[in-house]
Q: 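Let me begin by handing over the structure; questions about it come next.
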Amino acid sequence: MSDPFDLGDIPEEETARGPSISERAAAGVAAPTPYLDSLNGPQRQAVEALDGPVLVLAGAGTGKTRVLTTRLAHVLNTKRAWPGQILAVTFTNKAAREMKQRIGALIGGVVEGMQWLGTFHALGAKILRRHAELVDLRSDFTILDADDQVRLMKQIIKAADIDEKRWPARQLANLIDSWKNRALAPDQVPKGESFAFANGKGAELYAAYQARLKTLNAVDFGDLLVENLRIFQEHPEVLEDYQQRFKYILVDEYQDTNVAQYLWLRLLARGHKNICCVGDDDQSIYGWRGAEVDNILKFEKDFPGATVVRLEQNYRSTPHILQAASGLITANEGRLGKTLWTDANDGEKLTVRGVWDGEEEARTIGEDIEQFQRKDHQLNEMAILVRASFQMREFEDRFINLGLPYRVIGGPRFYERLEIRDANAYFRLVAQPDDDLAFERIINKPKRGLGNVAVQTLHQAARAQGTSLWRAARPLIESEELKPQARRALTIFVESIERWRQLMPALPHTELAEQILDESGYTEMWQNDKSADAPGRLDNLKELVRSMEQFENLAGYLEHVSLVMDREDQEADDKINLMTLHAAKGLEFETVFLPGWEEGLFPHQRALDESGLAGLEEERRLAYVGITRAKQRAKISFAANRRIHNLWQNSLPSRFIDELPETNVEVESQGDTYSYGPSRFDEGGFAGSEYSSPGWQRAKAKAGNHATPPRRAPMIDAQATLIATSAPDAEGFERGERIFHQKFGYGCIQDIEGTKLTVEFEKAGTKKVIASFVERP
DNA sequence: TGCGGGATTTTTTTT
DNA sequence: AAATCCCGCA
């Protein structure tokens, strides 16, 4: 990583206002533009509309990335701007990488000087480091991750003498995040929302948290943008500098921007007004993270005179897939509206299959995959897209069993592993002395006799002197406050850190890293650990040191860790892809399996409970994203029974299934095909006569008038339809009573706790089940 | 100070 | 079922 304060390789004279002589001259010469020839009409329009604000509504599979990169190449090629004068923002690091790569391919060679291409957070961090002192930070500030954030929050809550059980830190963190997403400072938090935590202490705690961050010389993710905004607002001259610098602004996935990001963009775009946002309102699936679909819906109002281009020709999927997806999404209100079309042949209909439980679902999908495999289909071209990650497990089990290779995309992240975080804490403390959270994390890892007592003493000393733990440690060693044993341990610890710190300029950072891990005893700690995962952890540490090579120094590495949570995935081998629907956005596969389409799971109950209609619509967009990932075929399934937290629940098919247009769907059922009708899955259609039993009737009654939904009309006429299968009750069951359960048969109630029954079944053994799913024989 | 066992809870989605 | 957290005990 080069000098973070380097403004980039813009020749002096080019930063001046107005077009330069060479620019004016260049404008007269038609630069060769071969890359335009392969674009369709609207795509070309989106690329060539260089002046003023542009909104590109790019439906799924319409060549969005292509337009973005070509547009960028076009700006460069026509010499409208230098690489350093283009701000290109993406949401994920993957997208940023990809864009960089593709531009390189377009204009030939590596892209030099595109230093303002990155994620919102990476760019925010870059700007913040250059002006840190304007908001009471030093430029070597630490970026806290979610875990650090919560730990800090815990301390704040404890300090305010609030019951941590009743008001969990996690919740406060989420709340503060949501405020930062909307660019609200502590004093701007609406009264009512402040009451969402600890009886009105929300804003107060937020303020305390911010103050604490400042003393730690730290920021959290949200701050990367909010502090930018503060700088821009309080120092117009700084803002103006950037406004002039960025002649062209490009934004990917605009539908996912939150309010803070929107404000950030709007401020920066005010200079040259050449902002181009690409997005798809139908693919907005991050509302829970603060994304405002509204941003894209009101673009034309925010940027007067905007050109709006719609990309509607789809190059990915078959007509059946597109029509099914389009049919589904029309149930949403407040869309900008697009009609995807394609030249392709009809292809296969979507399939819908009902199965007994999750296990059977995994089994049948496994069989399907093996069958495709026999027909020479690539595993790489198949994906299973689940709503929630817990669903992955059954598939993994099954695949391991079958010996089918698979990969999980977006699984547990490397940098979030315990041992990696510990190692990073060592590095952080060496590089950033005042990083108290790092200090606390490793002071007694490995155990060196510095437990709670010592840490508390340190804390008190630090607070008394108004300084960091690190700075408080030295005087403490000189004093008599600690027990001799602890005092000795602390001395060794402090001296080690100091030694490493001195080595920093002299030693290559990978060697330093190795030395730190060795001399601190951290490696040894895992070597002595007898548990099964210890060797794996040691491997990860090695891998960590290896991966540090690609950075210039420790600081560069640390910046990367905090901002880039993902790692390049190895996509070389032929494997089945397993991921959540969220992780699937932007990807495409020949065959897509969509399991778990059940009320309560998809749409997810919590989305409905917390966000009502808006939540339902977002879930529907998620379904839309899922279907449109498919190039050739999409196979939907749902189970009648599912185990959640070790409780068996039975479930209804997702309402989304009935929202699919009939003509594009074929119903599959173990071997034979059922005739398709509006109520095919109700009234005991798919799995036999058990479904007319009282328990089924009761479950159905709870689902409101869901039974025969009017085709195409969204089912949100009554609040009741938003509630699927929650809130059961143990009405009138008694211990010892004989009952019947759909899945397990007859049994005897052993125990009742709230709505859960412990039942000893005659055939299935003892299970916990939810009361509403058992009935009297 | 550190460990073990029991109680308790669970992530839906992630830069 | 599993992981985490907390408390009490050695």
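Heavy-atom basis, side chains included; hydrogens, waters and symmetry copies ignored.
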Q: Could you state the CG-P distance from A/L144 to B/dT14, rounded to the nearest angstrom?
A: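 Distance, rounded to whole Å: 21 Å.
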Q: How many whole angstroms separate atom CD1 of A/I143 from atom P of B/dT15?
A: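 Going from A/I143 (CD1) to B/dT15 (P), I get 15 Å.
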Q: Rounded to the nearest Å, what distance is computed from the CH2 atom of residue A/W264 to the P atom of nucleotide B/dT15?
A: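 Rounded to the whole Å, the gap is 18 Å.
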Q: If you measure only the distance, is there a donor-acceptor pair under 3.5 Å linking the side chains of A/Y624 and A/N332?
A: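 No.
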Q: For A/K64, is there an ion pair with A/E253 - N to carboxylate O distance below 4.0 angstrom?
A: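 A/K64 and A/E253: salt-bridged.
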Q: Under the rule for salt bridge (Lys or Arg N to Asp or Glu O under 4.0 Å), what residues qualify as partners of A/D282, not counting sequence neighbours?
A: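 Expected list: A/R335, A/K338.
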Q: Report the residues that fulfil ring pair (Phe, Tyr, Trp, His ring centres under 6.0 Å) with A/F390, sequence neighbours left out, ordered by chain and then residue number.
A: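 None.
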Q: Select from A/N444 and A/L622 the residue whose nearest nucleotide in DNA chain B is closer to the 5' end of that strand.
A: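 By nearest-heavy-atom nucleotide position, the 5'-most residue is A/N444.
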Q: Tell me what A/F390 touches on the nucleic acid: a base, only sugar-phosphate, or nothing, going by heavy atoms under 4.0 Å.
A: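 A/F390: no heavy atom of the nucleic acid under 4.0 Å.
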Q: In this structure, how many angstroms lie between the P atom of B/dT14 and the CG atom of A/L225, rounded?
A: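 It is 20 Å, rounded to the nearest whole Å.
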Q: Mind calculating the distance between CG (A/N181) and C1' (B/dT14) to the nearest angstrom?
A: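 For the pair A/N181 CG and B/dT14 C1', the rounded distance is 11 Å.
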Q: Under 4.0 angstrom, heavy atoms only, what part of the nucleic acid is A/A607 near: base, sugar-phosphate, or nothing?
A: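 Base, at least one base heavy atom under 4.0 Å.
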Q: Over how many whole Å does the gap from A/I443 atom CD1 to B/dT1 atom P extend?
A: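 Value for this atom pair: 11 Å.
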Q: OP1 or OP2 of B/dT14 less than 4.0 angstrom from a side-chain nitrogen or oxygen of A/T580, does that happen here?
A: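 Answer is yes, contact under 4.0 Å.
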Q: Can you confirm if the aromatic rings of A/F656 and A/F638 lie within a centre distance of less than 6.0 Å?
A: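 Aromatic pair excluded; centres sit 6.0 Å or further apart.
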Q: Which nucleotide wins on minimum distance to the side chain of A/A583, given the candidates B/dT14, B/dT15, C/dA2?
A: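 The answer is B/dT14, which lies nearest to the side chain.
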Q: I need the OH-P distance between A/Y262 and B/dT15, as an integer number of Å.
A: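 A/Y262 atom OH is separated from B/dT15 atom P by 25 Å.
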Q: Between C/dA2, B/dT14, B/dT15, which one does the side chain of A/W288 approach most closely?
A: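 The closest nucleotide is B/dT14.
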Q: Could you state the CZ-C1' distance from A/R642 to C/dA1, rounded to the nearest angstrom?
A: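 After rounding, the reported distance stands at 16 Å.
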